[in-house]
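Order of the sequence lines sets the chain letters (A, B, ...), proteins ahead of strands, with each chain counted from 1.
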There are 2 protein chains.
Amino acid sequence: MSDTPGNREPGTAASGHRPTLAKVAELAGVSVSTASLAFSGAGPITPETRARVLDAAKELGYTGPNPLGRQLRSGRSGVVGVVVGDQLRRAFRDPVAVQVLDGLVSTLGENGLGVLLIPGIPSDDPARAVDPLVESAAMDVAVLVWGVGTDDATLAALQRRGVPVVVGEGREVEGAPLVAIRDRSGTAAVVRHLVDLGHTRVAEVSLPLDTTDRSGPIDAERLAQVDRTPTANRLAGVRDVVEPVASWETEASLVEHGRSATLALLGRPGADGATVAADPSTRPTAVIAHSDLLAAGALLAARELGLRVPDDVSVAGFDGLDLPWLAPDVLTTVHQPLARKGAELGRAVIRQLAGETPTTVELDVELVVGTTTGPAPTT
Amino acid sequence: MSDTPGNREPGTAASGHRPTLAKVAELAGVSVSTASLAFSGAGPITPETRARVLDAAKELGYTGPNPLGRQLRSGRSGVVGVVVGDQLRRAFRDPVAVQVLDGLVSTLGENGLGVLLIPGIPSDDPARAVDPLVESAAMDVAVLVWGVGTDDATLAALQRRGVPVVVGEGREVEGAPLVAIRDRSGTAAVVRHLVDLGHTRVAEVSLPLDTTDRSGPIDAERLAQVDRTPTANRLAGVRDVVEPVASWETEASLVEHGRSATLALLGRPGADGATVAADPSTRPTAVIAHSDLLAAGALLAARELGLRVPDDVSVAGFDGLDLPWLAPDVLTTVHQPLARKGAELGRAVIRQLAGETPTTVELDVELVVGTTTGPAPTT
DNA sequence: CCGTCGGATCGAATCGATTCGAGGAGGTGC
DNA sequence: GCACCTCCTCGAATCGATTCGATCCGACGG
């Protein structure tokens with residue numbers, strides 16, 4: 001009697017058909033609804049009946065309800081989309097992103113939620129403004145981990161779809177919880193530390209101002225175009241204390257970018273195309289980098305130029321990473337609670353799912369003085 | 001007339017109800033099936049009708065078919081579970097895993113598949129053998145990125161569920177494609193390079209032998225317990241050429257573990273609890289590390305002990321990472337195509353979904369000689 | 001001995017979309 | 001002018017599970 005019109009066995013992946021709850025119920029001699037009860041545990045059921053259902057399941061090799069069916073009925077996928085604000089390859093090379101992600105995954109995992117990775121910038125196809133997953137993947141909430149631009153295509157797409165959003169490190173978004181750190185005051189604190197040491201010629205190595213992959217000196221015009229909140233905060237934090245004598249934008253927060261920026265800031269073209277240290281009387285005496293990775297690159301660049309740290313130049317960063325390979329140097333930096341930030345993002349997701357009203361969480365940071373900063377050299 | 005028994009508005013997340021295809025069809029004055037055609041593009045439909053449906057959709061704020069419904073019908077979730085064989089926090093600190101993951105995500109992304117992160121080892125709860133996502137998350141295929149133990153609980157759970165599996169760097173699994181590199185011969189090649197340079201006392205810094213987080217010397221008994229294929233291959237590759245004078249197991253492939261292992265291998269307890277270099281007449285003259293990160297740690301340890309590289313001790317790794325911060329040293333290593341490995345894994349996933357028969361892909365590696373290996377010191 | 005009560009089980013609707021064959025309208029060929 | 005063919009649209013079944021109210025059973029109290 002069961003002639004199946006309008007259907008041609010979907011889901012015929014590799015192996016044969018998986019048993020369904022209906023088949024289990026049939027074998028156990030109960031109704032589907034009772035069988036469902038046996039698995040979900042919600043509702044009254046005789047231990048005996050339950051056992052009969054479970055036995056039938058085992059016999060058929062049924063390993064539990066198909067998540068797809070459950071999801072459709074409940075309207076929840078159990079998936080949280082995590083949009084990393086860059087190409088994945090780059091994001092993962094930055095320990096900052098990794099540690100935040102780790103805290104996030106742990107917290108979500110404890111609540112039965114899985115993390116779906118979504119590149120914030122489509123890998124190679126410039127035709128698309130956003131990754132296709134943003135448009136069509138099933139997710140209950142999306143987390144934008146690294147900032148939100150003023151005119152963010154990804155955010156817009158998610159809002160259009162009605163996917164609730166949680167923002168990490170960005171501007172306030174209507175209806176979305178925000179988890180941020182006090183990076184402006186933290187940056188100001190480390191710059192004040194430099195100024196207190198007598199530095200007046202401070203150079204700055206900046207995080208990317210937007211997603212355009214530019215690098216080079218930052219002038220007033222460019223400064224006005226900053227479209228990433230954490231970068232904006234750190235730029236502002238520096239200027240709360242001192243006007244840098246030079247400022248250099250990097251295309252990503254990685255060691256090599258900090259290195260080349262610093263070579264440009266502290267060096268000048270030398271003999272045979274090489275870069276040599278610039279004139280000590282005009283050269284910056286301190287480099288404030290917006291991140292520890294950039295600062296590490298700055299340190300390497302200084303070494304390359306034959307400059308002693310901190311005797312000839314002081315270097316400070318931001319993040320508080322553990323970078324043992326910089327030994328014997330220990331970076332002066334501002335420590336931020338990265339794993340905790342991830343955990344807070346996770347908690348914000350849970351609250352968002354529970355329908356609570358979004359709140360802003362702002363985490364404290366702390367200046368940690370290492371060996372890479374010292375008194376300004378006396379000219 | 002539509003009194004809704006047996007249902008209490010599921011999916012009432014934060015915001016109100018999203019419009020459904022049925023509502024759009026109603027407003028457009030067509031049937032649901034026609035409306036579906038307008039979106040999917042599969043099947044004949046008049047441009048005019050299509051436009052009417054799309055207009056209706058726009059008016060209602062309908063942004064396309066609900067993925068959950070589509071997934072249930074098609075039996076496909078569009079999600080690939082990626083099981084990283086460790087805690088996430090650790091896996092992501094290893095550039096090897098990150099680069100593979102990057103290649104994988106790109107390839108899958110091009111095919112409309114998303115990556116769901118699954119920790120291979122449950123974060124903190126020792127009660128569970130596998131992460132709950134393994135048991136119940138919706139996924140079309142699972143990729144086990146870093147090895148499969150002989151008695152792998154995660155693999156068993158996935159097979160029980162009937163989720164097709166793709167294995168990266170592990171033993172052959174019935175019915176599962178395998179993507180691997182020639183790490184045994186590659187390791188043998190780099191060790192032969194050392195032996196050709198005159199080294200006879202070679203020490204080995206090994207990758208983890210299993211997931212027990214042990215570290216310490218490897219004796220014959222422990223050697224027999226190795227339960228990770230890449231590790232087994234590299235141990236074997238070393239022994240294909242020379243029997244190491246000492247071998248040390250690490251708990252993870254990170255710089256600090258390579259450092260402490262090497263301190264143990266090349267040092268001895270010194271004056272006030274410090275570690276000093278061991279006697280040059282018995283001390284190993286070369287360290288072969290199973291990974292570049294471990295080798296980087298070895299390099300740092302050697303520097304700490306006051307040993308010159310490669311004059312006092314040669315150091316070689318495996319992976320071919322770009323580690324600019326080791327400058328001026330350039331590691332002697334074996335280059336493996338990491339992003340390509342990820343891409344091959346992605347292709348294997350696609351083929352698996354297409355129902356093709358699983359095949360094994362083995363990628364070539366290449367010895368790259370740097371500045372960290374040199375002739376054995378003459379005693 | 002009968003009515004009532006409580007607990008276990010069942011039926012049926014529902015989540016939202018896809019898909020196939022049937023059916024209808026319009027056009028063409030003879 | 002009629003039959004046939006094409007092309008578009010529609011109806012209905014289906015994916016697999018959840019859930020609510022109804023039903024049915026036995027037990028207990030009066």
Side-chain angles (χ1 to χ4, degrees), chain A residues 1-13 17-26 28-53 57 60 62-78 136 138, chain B residues 1-13 17-26 28-50 52-53 57 60 62-78 136 138 162:
Chain A
M1 289 285 113
S2 81
D3 201 19
T4 61
N7 180 30
R8 187 189 292 166
E9 45 176 343
T12 313
H17 318 270
R18 305 249 85 216
T20 72
L21 190 55
K23 290 217 181 84
V24 173
E26 188 183 18
V30 299
S31 74
V32 218
S33 33
T34 304
S36 175
L37 259 32
F39 283 97
S40 70
I45 188 172
T46 320
E48 186 191 322
T49 315
R50 187 184 152 83
R52 209 163 67 239
V53 174
L60 291 175
Y62 179 84
T63 49
N66 179 329
L68 260 27
R70 183 210 290 279
Q71 287 171 18
L72 173 59
R73 181 63 234 238
S74 66
R76 291 269 171 98
S77 63
S136 61
Chain B
M1 291 304 94
S2 77
D3 195 29
T4 60
N7 181 29
R8 187 189 293 167
E9 44 176 344
T12 313
H17 319 270
R18 304 249 89 215
T20 72
L21 189 55
K23 289 215 183 85
V24 173
E26 188 182 17
V30 299
S31 73
V32 215
S33 33
T34 305
S36 175
L37 258 31
F39 282 98
S40 69
I45 186 171
T46 321
E48 187 190 323
T49 314
R50 186 186 153 81
R52 210 163 64 241
V53 173
L60 291 175
Y62 179 84
T63 50
N66 179 329
L68 260 27
R70 182 211 288 279
Q71 287 170 18
L72 173 59
R73 180 62 233 241
S74 66
R76 291 268 172 98
S77 64
S136 60

Distance, rounded to the nearest Å, where Phe39(B) contributes CZ and dT18(C) contributes C1': 14 Å
Positions of residues 40-47 of chain B (non-hydrogen atom under 4.0 Å from DNA chain C), listed by number: none
Could you pull out the closest heavy-atom pair between Val53(B) and Ala28(B), with the gap in Å? CA-CB, 3.9 Å
Which heavy atom of Gly29(B) sits nearest a heavy atom of Arg52(B), and at what distance? O-NH2, 4.3 Å
Distance below 4.0 Å between Arg73(B) side-chain N/O and dT14(D) OP1 or OP2: no
Using a 4.0 Å heavy-atom cut-off across all strands, classify Thr20(B) as base, sugar-phosphate, or nothing. sugar-phosphate
Which atom names give the shortest non-hydrogen contact between Phe39(A) and Ala57(A), and what distance separates them? CZ-CB, 3.7 Å
Whole-Å gap separating C1' (dG16(C)) and CZ (Arg76(A)): 17 Å
Any Ser36(A) side-chain nitrogen or oxygen under 4.0 Å from OP1 or OP2 of dT18(D): yes
Would you mind reading off the distance between Gln71(A) atom CD and dG16(D) atom P, rounded to a whole angstrom? 14 Å
Euclidean distance, atom CG of residue Leu37(B) to atom C1' of dC7(D) [Å, nearest integer]: 12 Å
Check the phosphate of dG11(C) against Ser33(A), side-chain N and O only, distance under 4.0 Å to OP1 or OP2. Yes or no? no
Tell me whether Thr46(B) contacts the main-chain N or O of Thr49(B) through its side chain, where contact means a donor paired with an acceptor under 3.5 Å. no
Who are the side-chain contact (heavy atoms from CB on, under 4.5 Å) partners of Thr20(B), not counting sequence neighbours? Ala22(B), Lys23(B)
Interatomic distance where CZ belongs to Arg18(B) and P belongs to dC15(C) [whole Å]: 16 Å
Glu26(B) CD to dT9(D) P, in whole Å, measures 18 Å
How long is the line joining CG of Leu72(B) and P of dA17(C), in whole Å? 12 Å
Taking all non-hydrogen atoms of both residues, which atom of Thr34(B) and which atom of Ile45(B) are closest, and how far apart? O-CD1, 3.8 Å
Leu68(B) atom CG is separated from dA17(D) atom C1', nearest whole Å, by 12 Å
Minimum heavy-atom distance between Thr63(A) and Arg18(A), given as atom pair plus value: OG1-NH1, 4.1 Å
With respect to the phosphate group of dC10(C), does any side-chain polar atom (N or O) of Ser31(A) fall under 4.0 Å of OP1 or OP2? yes
